Peer 1: 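Can you read through this structure? Questions will come right after.
Being a predicted model, the structure only gives us computed values, none of them experimental. Side chains are part of it too, since the values below use all heavy atoms of this structure and drop only hydrogens, waters and symmetry mates.
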Amino acid sequence: MGRAYSTIAFDPAKCDGCGDCMTACAQAKTGTDDIARSRIQIYGRDGAADKTFELALCRQCADPKCVTVCPAGALSKDGTSGVIGWDASKCVDCLLCTVGCSYAGIALDETTGHVSKCDTCDGNPACVPACSKGALKYITTANIYNEVGDWEDLFAPGLAGCQGCNTELLMRHTLRRVGPDTVLATPPGCVPGMGSVGFNGTTGTKVPVFHPLLTNTAAMLAGIKRQYKRVGRDVQALAIAGDGGASDVGFQSLSGAAERGEQMLFMVVDNEGYMNTGMQRSSCTPYGAWTSTTPVGETQRGKTQDAKNLPLIMVNHRCAYVATASTAYMEDLYDKLDKAIAASKTGFAYLHVYSPCTTGWRFPSNLNMEVARKAVETNFVMLWEYTPQDGLHFTKPVDDPLPVTDYLKAMGRFRHLSPEQVEHIQKKVVENQKFVERMTEHAHVG
């Protein structure tokens with residue numbers, strides 16, 4: 001797995017076009033206030049009717065085209081810092097690099113007659129602190145890959161998930177973090193359905209795994225954990241279950257284990273239905289969604305009930321840890337996995353992960369992360385965590401959410417919705433947001 005580098009990120013929604021970043025760059029790199037010589041350029045500042053701004057800046061690409069087109073070898077990527085360096089002694093001023101760059105990140109400095117580009121100021125870019133609006137951030141986009149990239153993938157290669165399956169992505173990252181000293185329970189659903197429990201005498205998982213009924217996952221896992229404790233072994237008890245089994249027929253054993261404070265991590269993969277057996281509705285399926293048991297026709301327009309809010313129900317069990325997460329925000333997910341694993345050493349930890357289903361939700365497989373991200377950006381899904389000590393708080397608050405239609409229109413399962421149904425869903429989103437916000441106002445609800 002490749003190494004992640006730091007980069008300058010730009011949020012156009014926060015940019016007001018003031019140009020302070022360009023002035024700071026020009027001063028740092030040329031000793032002048034001439035923003036034409038700045039290595040970061042904000043476009044749309046002059047006469048832009050819609051007040052939107054765009055960025056021209058070297059992205060320090062992993063596979064930089066400017067390097068490949070340079071005939072003199074004047075450009076090269078530093079394997080340690082990730083910065084693409086420019087060697088003036090080799091440059092022949094042919095400007096082919098400016099053609100090769102898709103981001104207008106390298107340009108001619110007419111004063112010197114040479115090209116110029118961002119070098120991130122040796123890891124302390126002058127433009128970032130100059131931006132008072134927070135539109136620029138210097139971040140490492142994927143620290144988790146540097147940290148866990150060499151850890152073993154504990155699911156076998158070649159699992160039979162649907163193309164673009166979000167659940168398989170979640171399974172691999174979760175078990176990579178939890179580690180090999182794990183006993184895994186996977187009740188009927190997409191997780192065992194794609195082969196985590198094995199096919200024809202083979203195993204799909206590199207840790208002990210068992211396949212309970214939909215109804216007794218938490219109860220069986222609790223018994224196994226107790227037996228390991230009895231013989232003196234510290235083993236992580238982990239369940240990866242679908243929303244159907246957890247929220248419907250399996251809820252009684254889940255609720256019982258949570259109430260008793262059984263020492264386990266129970267993860268629910270919420271793809272909002274029984275997707276591996278024909279895309280039937282579950283109690284977590286949202287209002288208006290098409291499923292094979294909530295069809296769209298002359299007398300019915302999708303599901304007629306709102307979704308059960310299972311994670312909030314688990315909060316009322318006073319679990320040691322409860323959180324919601326999304327694979328669109330992997331660092332947030334990894335942080336919550338760490339906390340859930342720690343909490344499961346002394347009590348019941350519950351992690352509810354939103355998992356878009358390309359097949360059942362009817363959207364192209366390459367849009368999986370876009371759908372997951374839009375769910376959070378519209379507050380259709382809210383990311384938060386809870387402990388009895390600290391109460392509930394948001395981990396990715398969305399202060400200015402997009403309209404829920406931006407999320408709904410991405411999927412075929414909502415294509416039939418009437419304006420009244422869309423309005424109902426939007427009202428439910430606002431209602432849920434206010435409800436959770438009220439819970440965050442009470443620091444200690446335990």
Side-chain angles (χ1 to χ4, degrees), residues 155 159-175 185-197 214 217 238-251 254 266-295 302-303 305-311 313-314 323-330 333 336 350-376 378 380-383 407-408 410-415 425:
F155 280 105
L159 295 181
C162 299
Q163 186 178 33
C165 177
N166 187 78
T167 298
E168 180 173 352
L169 173 74
L170 174 62
M171 290 159 51
R172 294 189 184 281
H173 278 280
T174 298
L175 212 55
T186 62
C190 291
V191 177
M194 71 176 68
S196 66
V197 295
L214 274 175
T217 304
L238 170 67
I240 302 180
D243 58 283
S247 65
D248 297 336
V249 293
F251 182 70
L254 170 61
F266 199 103
M267 171 181 283
V268 168
V269 180
D270 185 3
N271 57 19
E272 301 181 341
Y274 297 86
M275 294 305 171
N276 74 310
T277 54
M279 298 168 284
Q280 299 91 346
R281 61 92 83 183
S282 77
S283 56
C284 286
T285 302
Y287 169 86
W290 170 92
T291 70
S292 60
T293 50
T294 57
K303 191 184 178 196
Q305 301 86 18
D306 292 311
K308 178 188 290 184
N309 198 325
L310 186 57
I313 293 173
M314 298 311 294
T324 60
S326 167
T327 49
Y329 300 87
M330 291 299 290
L333 170 61
K336 289 170 177 174
Y350 178 86
L351 196 53
H352 193 102
V353 187
Y354 176 78
S355 186
C357 172
T358 57
T359 303
W361 296 12
R362 298 179 171 183
F363 64 86
S365 58
N366 64 331
L367 296 182
N368 206 311
M369 287 303 111
E370 178 66 12
V371 170
R373 191 174 295 111
K374 278 288 188 298
V376 175
T378 59
F380 190 87
V381 169
M382 290 173 282
L383 303 183
Y407 169 66
L408 300 177
M411 293 162 281
R413 64 173 178 155
F414 291 119
R415 189 173 298 149
I425 295 172

Peer 1: Let's go through L170 and V269 carefully: what are the C-alpha distance in whole Å and the side-chain angles of both, what is the deciding distance for side-chain contact (heavy atoms from CB on, under 4.5 Å) to 0.1 Å, and is it a yes or a no?
Peer 2: CA-CA 8 Å; L170 174 62; V269 180; 3.7 Å; yes
Peer 1: Using the test ring pair (Phe, Tyr, Trp, His ring centres under 6.0 Å), find all partners of F266 that sit at least two apart in sequence or belong to another chain.
Peer 2: none
Peer 1: Of all the heavy-atom pairs spanning S326 and L383, show the shortest one and how long it is.
Peer 2: N-CD2, 4.0 Å
Peer 1: Nearest 0.5 Å please: distance from the OG atom of S196 over to the CD atom of E168.
Peer 2: 10.0 Å
Peer 1: Is there a donor-acceptor pair under 3.5 Å between the side chain of N368 and the backbone N or O of G164?
Peer 2: yes
Peer 1: Evaluate L238 against L175 for side-chain contact (heavy atoms from CB on, under 4.5 Å), listing each step before the verdict.
Peer 2: CA-CA 9 Å; L238 170 67; L175 212 55; 3.7 Å; yes
Peer 1: Going by heavy atoms in the side chains, are T359 and Q163 under 4.5 Å from each other?
Peer 2: no
Peer 1: Given 3.5 Å as the limit, does a donor-acceptor pair link the side chain of K336 with the main chain of A325, or not?
Peer 2: no
Peer 1: Counting N and O atoms only, with roles assigned by atom type, does the side chain of D306 sit under 3.5 Å from a partner on the main chain of Y287, one being a donor and the other an acceptor?
Peer 2: no
Peer 1: Would you call P286 and F380 a side-chain contact if the rule is heavy atoms closer than 4.5 Å?
Peer 2: yes
Peer 1: Quick check for you: to the nearest 0.5 Å, what is the distance between M369 atom CE and K374 atom NZ?
Peer 2: 13.5 Å
Peer 1: Using modelled atom types only, decide if a donor and an acceptor are shared between the side chain of K308 and the backbone of S247 within a distance under 3.5 Å.
Peer 2: yes
Peer 1: Output the distance between atom OG1 (T174) and atom CE (M267), rounded to the nearest 0.5 Å.
Peer 2: 3.5 Å
Peer 1: We want to know whether S355 and N271 form a side-chain donor-acceptor pair, criterion being a heavy-atom distance below 3.5 angstrom.
Peer 2: no
Peer 1: Working to the nearest 0.5 angstrom, can you tell me the gap between I425 CD1 and L408 CG?
Peer 2: 5.0 Å
Peer 1: Given the rule in the salt bridge (Lys or Arg N to Asp or Glu O under 4.0 Å) test, do R413 and E272 qualify, once you have shown the distances and angles that lead to the verdict?
Peer 2: CA-CA 12 Å; R413 64 173 178 155; E272 301 181 341; 2.7 Å; yes
Peer 1: To the nearest 0.5 angstrom, please state how far the OG1 atom of T358 sits from the CG atom of N166.
Peer 2: 9.0 Å
Peer 1: Keeping Y274 on the side-chain end and G244 on the backbone end, is there a donor-acceptor pair under 3.5 Å?
Peer 2: yes
Peer 1: List for me each residue that meets ring pair (Phe, Tyr, Trp, His ring centres under 6.0 Å) alongside W361, sequence neighbours excluded, and say none if there are none.
Peer 2: Y354
Peer 1: Taking all non-hydrogen atoms of both residues, which atom of P188 and which atom of P192 are closest, and how far apart?
Peer 2: CA-CG, 3.9 Å
Peer 1: Does any non-hydrogen side-chain atom of M171 lie less than 4.5 Å from one of M194?
Peer 2: yes
Peer 1: How long is the span from the CG atom in D243 to the SG atom in C190, to the nearest 0.5 Å?
Peer 2: 9.0 Å
Peer 1: Run the numbers on V381 and T324 for side-chain contact (heavy atoms from CB on, under 4.5 Å), then give the verdict.
Peer 2: CA-CA 9 Å; V381 169; T324 60; 5.6 Å; no
Peer 1: I need the minimum non-hydrogen distance between W290 and G360, along with the two atoms involved.
Peer 2: CZ3-O, 3.9 Å
Peer 1: What pair of heavy atoms forms the shortest contact from T294 to A289, and how long is it?
Peer 2: OG1-O, 3.1 Å
Peer 1: Do L214 and D248 make a side-chain contact, defined as non-hydrogen atoms from C-beta onward lying under 4.5 Å apart?
Peer 2: no
Peer 1: Report yes or no: does T167 contribute a side-chain atom to a donor-acceptor pair with the main-chain N or O of V191 at less than 3.5 Å?
Peer 2: no
Peer 1: Passes side-chain contact (heavy atoms from CB on, under 4.5 Å), K303 versus T293? Steps please.
Peer 2: CA-CA 8 Å; K303 191 184 178 196; T293 50; over 6 Å; no
Peer 1: Holding to ring pair (Phe, Tyr, Trp, His ring centres under 6.0 Å), I want the full list of residues that pass it with F363, two or more places apart in sequence or in another chain.
Peer 2: none
Peer 1: Quick one, T217 and L254 - any side-chain contact, counting heavy atoms below 4.5 Å?
Peer 2: no
